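Here is the structure we will look at.
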Amino acid sequence: MPASLTYDAVVGLDHRLEHGQFFTPPAVARFMLQWVTESGVPALYDPAFGLGALHPRNGDIDFTASELDP
């Protein structure tokens, strides 16, 4: 089960709306990650890391991220 579905089950809609949380659909996240990694960019910054769907796991990119909601 995707982490976003587990999170949705635990964290209420009011909290997600208050914090402007939107979860990128897994197929879109995979496409975006493939697009970025194949582009040859040396670094990627995700300003709204959330559950980490866009985290490149292969180590080919210098990846940094931040998240305001603990």
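Source: prediction; values computed, not measured.
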Show me, pair by pair, the donor-acceptor contacts under 3.5 angstrom made by side chains of residues 25-33, not counting sequence neighbours?
none

> Nearest heavy-atom pair of V41 and I61: which atoms, and what distance?
Replying inline: O-CG1, 3.8 Å

>> Listing request: all side-chain hydrogen bond (donor to acceptor under 3.5 Å, both in side chains) pairs with a residue in residues 36-54, at least two apart in sequence or in separate chains.
In response: Q34-E38, Y45-S66

